[in-house]
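We name chains A, B, ... by the order of the sequence lines, and we start the count at 1 in each one.
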Protein chains: 2
Amino acid sequence: MTDRPEGHSIGGTPPATIRRRKRPDMIADQIRERIVIEGLKPGDRVPAAWVSPEKLGISRGTCREALKLLEFQGLITSKTGPGGGVFVSSVSERDAIHLLDNLFLSRPPSIADIYALRKALEPELAAGLAGQLSADEMARLQASIRLYEAEPTSAEEEYAQRIAELDFHAELANCSRNKLLGFVCNFLLSLLKDKTECRAIYLEPTPWWMRDTGINYQVRLLRALMAGDGERARKIMHEHMSEAEKFMLERAVLAAAKPKA
Amino acid sequence: MTDRPEGHSIGGTPPATIRRRKRPDMIADQIRERIVIEGLKPGDRVPAAWVSPEKLGISRGTCREALKLLEFQGLITSKTGPGGGVFVSSVSERDAIHLLDNLFLSRPPSIADIYALRKALEPELAAGLAGQLSADEMARLQASIRLYEAEPTSAEEEYAQRIAELDFHAELANCSRNKLLGFVCNFLLSLLKDKTECRAIYLEPTPWWMRDTGINYQVRLLRALMAGDGERARKIMHEHMSEAEKFMLERAVLAAAKPKA
DNA sequence: AGATATTTGTTCGTATGTATT
DNA sequence: TAATACATACGAACAAATATC
C-alpha cells in the first residue's frame with residue numbers, strides 16, 4: 001500500500017465530488033487558467049511551482065501528461081537543461097488553420113455552407129476596411145488583381161489565376177483591423193482551397209462573363225475602399241459573394257453530372 | 001516477441017540505430033495507419049489485438065501513452081468496463097475550439113470585434129433554423145430559457161443565468177444544419193465566456209430592462225422559428241445582437257472607469 | 001574543450017478505481 | 001452483489017539535452 005498522505009484528492013474537497021473528468025485534463029485546465037489569469041505572454045517562463053508535481057500533489061507521469069496536452073494545444077513549449085523549463089508559446093494562425101482543416105476533413109462542409117458564412121462575413125470585412133488601408137496595403141491589393149487581369153492562355157494559368165483570386169481575399173483578410181474577422185475569413189478560404197470538389201471546378205475554364213464580372217467587382221471594391229465608402233464596399237462584396245456562390249454551385253452540379261469529362 | 005530481446009536501454013549501439021522518434025509516437029502512427037487502411041469509421045471498435053501491449057511488444061504504460069496521443073488528436077476515445085475498449089471517434093468540436101481559444105489568448109479580440117462577427121452570423125444561424133427544429137431540439141431550447149426566467153436572488157445565481165443565456169445560443173449553434181456555421185458561432189461564444197473582461201461584466205447585476213428585453217427576444221425568436229419564418233427570426237436575432245453589443249460595450253467602459261467597485 | 005549539474009523526457013512494473021456483466 | 005476487464009494513476013530508474021564551470 002503506497003501510502004500517499006492525501007493521494008489524489010487535490011484541495012481536499014471530499015464531499016462527493018464526482019470526478020468524471022480525467023485528472024490530466026483537469027490539471028491542464030488549471031495550469032492554463034493560471035497562465036490566463038496571471039496574464040503571461042508568449043515567451044514568458046511558467047513558474048516551476050505551477051507545474052511541479054509535488055506542489056500539485058500528483059505524480060510525475062500525470063503532470064507530464066497534462067503538460068503534453070498543453071503542448072499539443074500549442075500553448076506551451078518546454079526546454080531541457082539548466083535554466084530550462086516550461087514556457088508560454090504562441091500558436092501561429094497558420095498552424096491553427098491547419099488543425100482546423102484536419103477537423104473538418106472527416107465531415108467537410110458543403111460549398112453552400114461555406115458561402116453562407118462568406119456572404120455574411122466578407123461584406124463586413126470590406127466595410128471595415130474602407131478608408132483604413134495604408135498605401136502599402138493598397139499597393140499589394142492592386143498588384144494582386146493584376147495577376148489575373150490578363151486573359152489566361154493555358155489551363156495551368158487559369159488555375160493559378162483562380163488561386164490568385166482567392167489570395168486577393170486573403171490579402172483583404174490580413175489587412176483587417178479586426179483580427180478575429182480576418183482569421184475566420186482566412187479559414188473559410190483555406191477550406192475552399194482544400195476542397196477537392198472546388199479544385200476540380202477551378203481546373204475547368206471560367207466563362208468570360210464570370211471572369212469579367214469578377215475583375216469588375218474587385219476594381220469597384222478597391223475604388224470604394226479608397227473613397228472610404230464602407231457601405232458601397234459592403235454592397236459590392238455581397239454581390240460578388242452571391243455571384244461566386246451561384247457560379248460554384250452551378251459548376252458543382254455540372255461536375256457531378258459528367259465526372260468523366 | 002513477448003519480452004523484447006533487450007530492455008529499454010541497449011548497452012551501447014548508439015551509432016547504428018538512431019532512434020530519434022519516440023516509441024509511443026511510432027506506435028500511435030502504426031495504430032492510426034491500421035485504422036485508416038482498414039477503413040474504420042467513427043463509432044467502430046478498434047480490435048483489442050491492435051492495441052494490446054503484449055501483441056505490440058511494449059509495456060502497458062507505453063501503450064497507454066500511444067493511445068493518449070491518438071486521443072489528443074481526437075482520433076479515438078476509450079471506454080471503461082467489460083465490452084469497453086478503444087473506439088474510433090471524430091475530432092470533437094470542443095477540442096478544436098479549445099485550440100482556437102489558445103490562439104487568441106495572447107492577442108484577445110475586443111468585444112467589438114467579437115460582436116462584429118456575432119451580428120453577422122447569429123442572424124444567419126437563426127434564419128437557417130426556421131422550421132427545421134425537431135421537437136426534441138425545441139424542447140431543449142425552451143428548457144434553456146426557463147433557466148433564467150426567474151428573477152435572480154444572488155450574485156452567483158445572476159452569473160449562472162448569464163452563462164445559461166450564452167448556453168442558449170450554444171444550443172442554437174448545435175442545432176444548425178450548417179455545421180461550419182454552428183462551429184464558428186460556438187467559437188465566438190467560447191471567446192466571450194473566456195474573456196476576463198466579460199466575466200467581470202457578468203458578475204455585476206444586470207439592469208431589469210436588459211433582462212426583460214433579453215428574455216423577450218428569446219421567446220419571440222423561438223416563436224418565429226416554430227412558425228418557420230426565417231426572415232423574422234433573422235431580424236429578431238440581429239436586434240438582439242445589437243442590443244447585447246451596446247450593453248456589453250457600455251458595461252465595459254463602466255467597469256474600466258471604476259475598477260475598485 | 002570537456003566534465004558536471006540540472007532539468008525535462010521515456011518507459012517500466014504495479015496499484016487502484018470504476019463500470020459492466 | 002460479486003467478479004471481471006479495463007482505464008487510470010503512481011513511483012522509480014533510465015536517457016537525453018543543455019548551460020555552466
Among all residues two or more places apart in sequence or in another chain, which pass the salt bridge (charged side-chain N to carboxylate O under 4.0 Å, His left out) test with A:Glu65?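 Partners of A:Glu65 under the salt bridge (charged side-chain N to carboxylate O under 4.0 Å, His left out) test: B:Arg64, B:Lys68.
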Could you state the atom-to-atom distance from [atom1] of [X] to [atom2] of [N] in whole Å?
X       : N      : atom1 : atom2 : result
A:Glu71 : C:dT7  : CD    : C1'   : 14 Å
A:Leu70 : C:dG9  : CG    : P     : 12 Å
A:Leu56 : D:dA9  : CG    : P     : 13 Å
B:Met26 : C:dT10 : CE    : P     : 13 Å
B:Phe87 : C:dT20 : CZ    : C1'   : 12 Å
A:Leu67 : C:dT10 : CG    : C1'   : 15 Å
B:Lys68 : D:dT8  : NZ    : C1'   : 8 Å

Suppose we screen for side chain to side chain donor-acceptor pair (under 3.5 Å). Which residues come up paired with A:Gln73, at least two apart in sequence or across chains?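 So A:Gln73 forms a side chain to side chain donor-acceptor pair (under 3.5 Å) with B:Asn102.
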What pairs with B:Ser190 under side chain to side chain donor-acceptor pair (under 3.5 Å), at least two apart in sequence or on another chain?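 With sequence neighbours excluded, B:Ser190 shows a side chain to side chain donor-acceptor pair (under 3.5 Å) to B:Asp101, given in chain and number order.
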Pick the closest DNA chain D nucleotide for A:Cys63 and for B:Val86 by heavy atoms, then say which residue is nearer the 5' end.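 Checking each residue's closest nucleotide, the 5'-ward one belongs to B:Val86.
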Please pick, from [options], the nucleotide with the shortest atom-to-atom distance to any side-chain atom of [X].
X       : options               : result
B:Ser78 : C:dG13, D:dT8, D:dC10 : D:dT8
A:Arg23 : C:dT8, D:dA9, C:dT14  : D:dA9
A:Arg60 : D:dG11, C:dG13, C:dT8 : C:dT8

I'd like a list of close polar pairs between nucleotides 18-21 of chain D and the protein, N/O only, cut-off under 3.5 Å.
none

Please list all pairs passing the salt bridge (Lys or Arg N to Asp or Glu O under 4.0 Å) test where one or both residues lie in residues 131-143 of chain B, with sequence neighbours left out.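 For residues 131-143 of chain B, and leaving out neighbouring residues, the salt bridge (Lys or Arg N to Asp or Glu O under 4.0 Å) pairs sorted by first residue read B:Asp136-B:Arg140, B:Glu137-B:Arg177, B:Arg140-B:Glu171.
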Under a 4.5 Å cut-off applied to non-hydrogen side-chain atoms, are B:Leu56 and B:Ser52 in contact?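 A side-chain contact under 4.5 Å is absent here.
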Taking side-chain contact (heavy atoms from CB on, under 4.5 Å) as the test, write out the residues that go with [X], two or more places apart.
X        : result
A:Asn174 : A:Asn186
B:Ala116 : A:Asn178
B:Pro109 : A:Leu180, B:Phe104, B:Asp113, B:Ile114, B:Leu191

Name every residue in residues 42-54 of chain A that has at least one heavy atom under 4.0 Å from any atom of DNA chain D, in order of residue number, or write none if there are no such residues.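 Those residues: none at all.
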Any donor-acceptor pair under 3.5 Å linking the side chain of B:Asp44 with the backbone of B:Lys41?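 Between the backbone of B:Lys41 and the side chain of B:Asp44 there is a qualifying donor-acceptor contact (under 3.5 Å).
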Below 4.0 angstrom from OP1 or OP2 of C:dT10, is there any side-chain N or O of A:Arg64?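 The answer is yes; a side-chain N or O of A:Arg64 sits under 4.0 Å from OP1 or OP2.
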5'-most by nearest nucleotide on DNA chain C - A:Gly84 or A:Gly61: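 Nearest nucleotide further toward 5': that of A:Gly84.
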